[in-house]
S.K.: 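Could you have a look at this structure, given as structure tokens, before my questions?
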Amino acid sequence: MKLLAWALRLRLPGLTAGRAPAWERLGPRSSARLWLPRWASVRAFGSKYGPSASGRIMRPDDANVAGNVHGGTILKMIEEAGVIISTRHCNSQNGERCVAVLARVERTDFLSPMCIGEVAHVSAEITYTSKHSVEVQVHVMSENILTGTKKLTNKATLWYVPLSLKNVDKVLEVPPVVYSRQEQEEEGRRRYEAQKLERMETKWRNGDIVQPGLNPEPNTVSYSQSSLIHLVGPSDCTLHGFVHGGVTMKLMDEVAGIVAARHCKTNIVTASVDAINFHDKIRKEMAVPNPQSSLLCHHHLGAHDLHEQ
């Protein structure tokens, strides 16, 4: 995965106190008490669940010192919206109960920065299902509640797999969606085959890590290198006790942001994230090291590999 950052000088809008998100139970027939934030506006394509609309105000703790919302915060919101809609869909038929976990994120572009006091609206839609995976497309809009101005800030495509609540290593089958046009299914299948090929090509390829030197010169790779170690707690984890994909992406963004800020010596925001593949699970109470990073960062951390038969 590569993270790119913009160096920006932006004015800080007036601070607005945020409100705690409401919580709702996931699915009418879920056997587990799985509670998820209501701010994730979700709608399923070809699913029995209709659209819903809600939002969350960006708070000071969501942003950097300049008032720009962290890219990792937005990535975490995107991933949680995908979890909600894919888990709902995978439990829409009678059968073994499951929870969807993130397997892959396609390229995500940050089209515009979001600021403290703006409302983030996240919408998710299921656009394709294979035998064991779900494709979810997510859009993020920011709203200035003083002027009513809205703008698109992010678009992302994510892939999820359903894991059994009884056996974390068991991947269940996904209920099919109903397509309004045959072309939609064919286009989705092409996207699925393309991401599957790319994922297999990169599964065992490690990113190059440049070892830090002693007393590095300014503006060199060694000078900007950074690392983070995060002890995984219960709030970071799913019901199975392994880390949410959004938490992992947030850590990636944080360490990349430190690197970019050191190099640019100014305020920075995330500009884009290319494909992320989640190959293995990170368990609760493990220390998660982020690899030492340069401006172009390669990470191989995650929740679960995408399985197909």
Side-chain angles (χ1 to χ4, degrees), residues 1-19 21 37-43 51-85 102 104-127 135-159 244-254 256-257 260-261 264 266-276 297:
M1 185 197 73
K2 300 178 182 178
L3 289 90
L4 305 181
W6 281 326
L8 297 180
R9 297 184 181 275
L10 299 177
R11 296 181 62 186
L12 175 64
L15 301 184
T16 304
R19 67 174 186 271
R38 192 183 297 275
W39 53 254
S41 172
V42 296
R43 62 190 181 97
S52 61
S54 58
R56 181 169 78 85
I57 293 178
M58 295 293 96
R59 303 181 298 265
D61 57 350
D62 294 318
N64 60 21
V65 294
N68 307 128
V69 175
H70 293 295
T73 298
I74 299 174
L75 288 170
K76 189 170 183 288
M77 293 166 59
I78 289 173
E79 196 273 336
E80 288 179 348
V83 165
I84 293 172
I85 195 171
L102 182 63
R104 175 178 167 88
V105 180
E106 303 293 344
R107 178 182 176 89
T108 302
D109 289 310
F110 289 72
L111 307 175
S112 179
M114 195 178 300
C115 300
I116 295 172
E118 293 183 332
V119 175
H121 297 275
V122 184
S123 62
E125 180 181 16
I126 294 175
T127 50
E135 181 192 49
V136 179
Q137 293 188 7
V138 181
H139 292 76
V140 182
M141 300 283 295
S142 68
E143 176 191 2
N144 185 319
I145 56 177
L146 301 180
T147 65
T149 304
K150 294 183 179 180
K151 58 186 176 183
L152 179 66
T153 62
N154 296 83
K155 295 191 296 184
T157 301
L158 306 92
W159 293 87
H244 287 288
V247 172
T248 305
M249 291 193 292
K250 192 171 186 295
L251 288 172
M252 294 177 180
D253 179 78
E254 286 177 0
C264 298
T266 187
N267 177 44
I268 60 94
V269 295
T270 307
S272 66
V273 181
D274 69 358
I276 310 172
C297 307

S.K.: Roughly how far, to the nearest 0.5 Å, is NZ of Lys76 from CG of Leu251?
M.R.: 10.5 Å

S.K.: Please identify each residue that fulfils side-chain contact (heavy atoms from CB on, under 4.5 Å) with Leu146, with sequence neighbours left out.
M.R.: Asn144

S.K.: Counting distance only, does the side-chain N/O of His139 pair as donor-acceptor with the main-chain N or O of Lys155 below 3.5 Å?
M.R.: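 No; zero donor-acceptor contacts below 3.5 Å.
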
S.K.: Can you name the side chain to side chain donor-acceptor pair (under 3.5 Å) partners of Glu135, sequence neighbours left out?
M.R.: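 Once residues adjacent in sequence are excluded, the partners of Glu135 under the side chain to side chain donor-acceptor pair (under 3.5 Å) criterion are Thr127, Arg191.
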
S.K.: Applying side-chain contact (heavy atoms from CB on, under 4.5 Å), can you list everything that pairs with Lys151, at least two apart in sequence or on another chain?
M.R.: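 Lys151 satisfies side-chain contact (heavy atoms from CB on, under 4.5 Å) with Ser112, Glu118, Ser142, Thr153 once adjacent residues are dropped.
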
S.K.: What pairs with Glu143 under side-chain contact (heavy atoms from CB on, under 4.5 Å), at least two apart in sequence or on another chain?
M.R.: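 Partners of Glu143 by the side-chain contact (heavy atoms from CB on, under 4.5 Å) criterion, ordered by chain and then number, come out as Val119, His121, Ile145, Lys150.
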
S.K.: Just wondering, do Ile276 and Met252 contact through their side chains at under 4.5 Å, heavy atoms?
M.R.: yes

S.K.: Heavy atoms only: give me the nearest Ile116-Ala63 pair and the separation to one decimal.
M.R.: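 Taking Ile116 first and Ala63 second, the nearest heavy atoms are CG1-CB, 3.6 Å.
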
S.K.: Please round to the nearest 0.5 Å and tell me the distance separating atom OG of Ser272 and atom CZ of Arg107.
M.R.: 4.0 Å

S.K.: Using every non-hydrogen atom in the two residues, find where Ala81 and Ala124 come nearest and quote the distance to one decimal.
M.R.: O-CB, 4.0 Å

S.K.: Take Leu102 and Val83 through the side-chain contact (heavy atoms from CB on, under 4.5 Å) test and state the conclusion after the steps.
M.R.: CA-CA 7 Å; Leu102 182 63; Val83 165; 5.8 Å; no

S.K.: Report the distance from atom CD of Gln137 to atom CD1 of Ile85, rounding to the nearest 0.5 Å.
M.R.: 11.0 Å

S.K.: Minimum heavy-atom separation for Ala120 to Met58, with atom names?
M.R.: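 Shortest heavy-atom separation between Ala120 and Met58 comes out as CB-CE, 3.7 Å.
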
S.K.: How long is the gap from CG on Asn267 to CG on Asn64, to the nearest 0.5 Å?
M.R.: 4.5 Å

S.K.: When rounded to the nearest 0.5 angstrom, what is the spacing between OG1 in Thr73 and CG in Asn68?
M.R.: 11.5 Å

S.K.: Any chance you could measure Asn154, atom CG, to Asp109, atom CG, to the nearest 0.5 Å?
M.R.: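 Separation between the atoms: 8.5 Å.
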
S.K.: How about Asp62 and Met114: do any of their side-chain heavy atoms sit closer than 4.5 Å?
M.R.: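 A side-chain contact under 4.5 Å is absent here.
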
S.K.: Checking Asp253 side chain against Lys250 main chain: does a donor-acceptor pair fall under 3.5 Å?
M.R.: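 Answer holds: no.
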
S.K.: Considering only heavy atoms from C-beta outward, does the side chain of Val269 approach that of Phe110 to under 4.5 Å?
M.R.: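 In short, these two side chains do not touch, never coming nearer than 4.5 Å.
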
